[in-house]
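Some notes on the structure that comes next.
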Amino acid sequence: MSSEHTYFTVSINPHESNSELSVLFSGEGKPIALHNTGPGVHDYYLVHTVHSGNGTFEMHNRTYHCTAGDTFIIYPGELFRYTADAENPWHYSWVAFTGHATGMMLSQIGASPQNAVISGSVPRSMRHYYRRIRSSFQQSMYPALEDIEAAGWLRLLLRELGQAGAHQAKTKPATETEIQRQVSQAVRYLELQYTQVVSIEQLARTLGYHRTYLCKMFKQATGLAPMQYLFKIRMERAKQLLETSMTIDQVASSVGFNDALYFSKQFHKWSGSAPSVYRKELTGKGG
């Protein structure tokens, strides 16, 4: 136990990873009154969640007074300092991590170097995630699998932070309207489910919108009705697949058509050529 802490524990990830998100280490501790860390910089992200007590965190020319339920985030290359309260020093958990997706993930939950504290989390719930991250490194002789497990728990921890600080999160551009957000949601659904049987009723029910409202706002934003947009996605994907060695039956099935003959008729109506003719034309151009 460190002489600067009344309680201290830390677990290290033994696996060196270049994945999009990888935990380096995680710990929990209760420093003594006025215990100070910094000023300094790290070359990794370091997140602390306060379970009880108080302290101050300084970064990017801002000072934050943190208490239970607050999480402060240290960014790589940013000068920081944090200090335990003189009367009621904080008890917190921390996790350090790297990866090429980390900056984007933190941005999605509303965090940035200019806004590096998220408030409103449930200390008991957050402490559970930190414990699971640490326990990931104490289970097996397969460190690469432990690395994957710890990253999974870290994602859940970040999700919890995103829910706690939903009022801070800006996952879409500020100029995007609510209708645009809803249409983007519908477009995303169609782009991912075009291989399946899709109906307006199913789409509206899945997204929680009234059928008539969904059709109206979708056409207003895209110029196409939802089923027309789905048809366009399928035909454009079919064109790509016809450039491969797949059979017409395989292409039809891959873009959501159980009947290859019906697919061929629809493709001809859309492109002006039957699939087999379109493929021959591509071969001729290639020659």
Side-chain angles (χ1 to χ4, degrees), residues 2 4-5 8-31 35-51 55-64 66 70-84 90-119 121 126-139 142-162 164-165 168-169:
S2 169
E4 296 179 326
H5 292 75
F8 177 84
T9 184
V10 65
S11 295
I12 307 294
N13 184 355
H15 180 71
E16 185 175 349
S17 172
N18 293 317
S19 62
E20 66 175 14
L21 184 67
S22 181
V23 174
L24 300 178
F25 57 86
S26 182
E28 182 176 338
K30 185 175 181 180
H35 174 258
N36 178 74
T37 302
V41 296
H42 290 320
D43 58 358
Y44 48 80
Y45 295 88
L46 183 60
V47 171
H48 289 71
T49 297
V50 181
H51 305 310
T56 58
F57 169 59
E58 302 170 48
M59 194 181 76
H60 213 79
N61 299 317
R62 287 191 65 181
T63 298
Y64 306 85
C66 300
D70 291 340
T71 295
F72 61 92
I73 304 168
I74 297 170
Y75 281 73
E78 291 283 349
L79 190 65
F80 69 87
R81 185 208 311 256
Y82 52 98
T83 307
W90 48 19
H91 172 193
Y92 51 42
S93 292
W94 63 87
V95 59
F97 53 95
T98 60
H100 58 265
T102 51
M104 177 191 68
M105 290 182 183
L106 291 173
S107 175
Q108 289 176 334
I109 66 172
S112 68
Q114 298 79 24
N115 191 32
V117 170
I118 294 177
S119 301
S121 65
M126 295 296 289
R127 195 174 180 185
H128 168 73
Y129 288 124
Y130 281 105
R131 283 174 171 168
R132 294 306 299 259
I133 291 172
R134 294 198 303 276
S135 67
S136 298
F137 304 129
Q138 304 167 5
Q139 296 180 9
Y142 303 98
L145 299 182
E146 294 179 356
D147 176 65
I148 293 172
E149 180 182 347
W153 286 112
L154 175 57
R155 285 176 179 271
L156 291 175
L157 186 149
L158 294 176
R159 186 279 313 269
E160 190 82 8
L161 285 178
Q168 298 179 34

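Just so you know, these numbers use all the heavy atoms, side chains as well, and skip hydrogens, waters and symmetry mates.
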(request) Go through the steps for M126 and E160 under the test side-chain contact (heavy atoms from CB on, under 4.5 Å), then give the verdict. (result) CA-CA 8 Å; M126 295 296 289; E160 190 82 8; 3.4 Å; yes

(request) Measure from the ring center of F72 to the ring center of W90 and say whether it is less than 6.0 Å. (result) yes

(message) Under 6.0 Å between ring centres: does that hold for F25 and Y44?
(response) yes

(request) List the steps, then state whether side-chain contact (heavy atoms from CB on, under 4.5 Å) holds for D70 with F57. (result) CA-CA 11 Å; D70 291 340; F57 169 59; over 6 Å; no

(request) May I ask you to decide if A116's main-chain N or O and Y64's side chain share a donor-acceptor pair within less than 3.5 Å? (result) yes

If I compare all heavy atoms of [X] with all of [Y], which pair ends up nearest, and what's the gap?
| X | Y | answer |
| --- | --- | --- |
| Q114 | R62 | O-NH1, 3.0 Å |
| P39 | R81 | CD-NH1, 3.7 Å |
| S26 | V95 | OG-CB, 4.0 Å |
| I74 | M59 | CA-SD, 4.0 Å |
| V23 | F97 | CA-CB, 4.0 Å |
| H51 | S93 | NE2-OG, 2.6 Å |

(request) For the residue pair H60 and E78, confirm or rule out a side-chain donor-acceptor distance under 3.5 Å. (result) yes

(request) Please assess E20 against M104 for the test side-chain contact (heavy atoms from CB on, under 4.5 Å), listing each intermediate value before the final yes or no. (result) CA-CA 10 Å; E20 66 175 14; M104 177 191 68; over 6 Å; no

[X] [atom1] to [Y] [atom2] distance, which is reported to the nearest 0.5 Å:
| X | Y | atom1 | atom2 | value |
| --- | --- | --- | --- | --- |
| D147 | L24 | CG | CG | 9.0 Å |
| W153 | I133 | CH2 | CD1 | 9.0 Å |
| S136 | I148 | OG | CD1 | 11.0 Å |
| T102 | I73 | OG1 | CD1 | 11.0 Å |
| Y129 | T49 | OH | OG1 | 12.0 Å |
| I109 | L161 | CD1 | CG | 5.0 Å |

(request) Test N36 against T83 for side-chain contact (heavy atoms from CB on, under 4.5 Å), laying out the working first. (result) CA-CA 4 Å; N36 178 74; T83 307; 2.7 Å; yes

(request) Among V50, L157, T71, find the one that has a side chain to side chain contact (heavy atoms under 4.5 Å, CB included) with S121. (result) T71

(message) Taking the side chain as everything from C-beta on, heavy atoms only, tell me whether C66 gets closer than 4.5 Å to H48.
(response) no

(request) Return the orientation label for the W94 and Y92 ring planes: parallel under 30°, perpendicular over 60°, tilted otherwise. (result) perpendicular

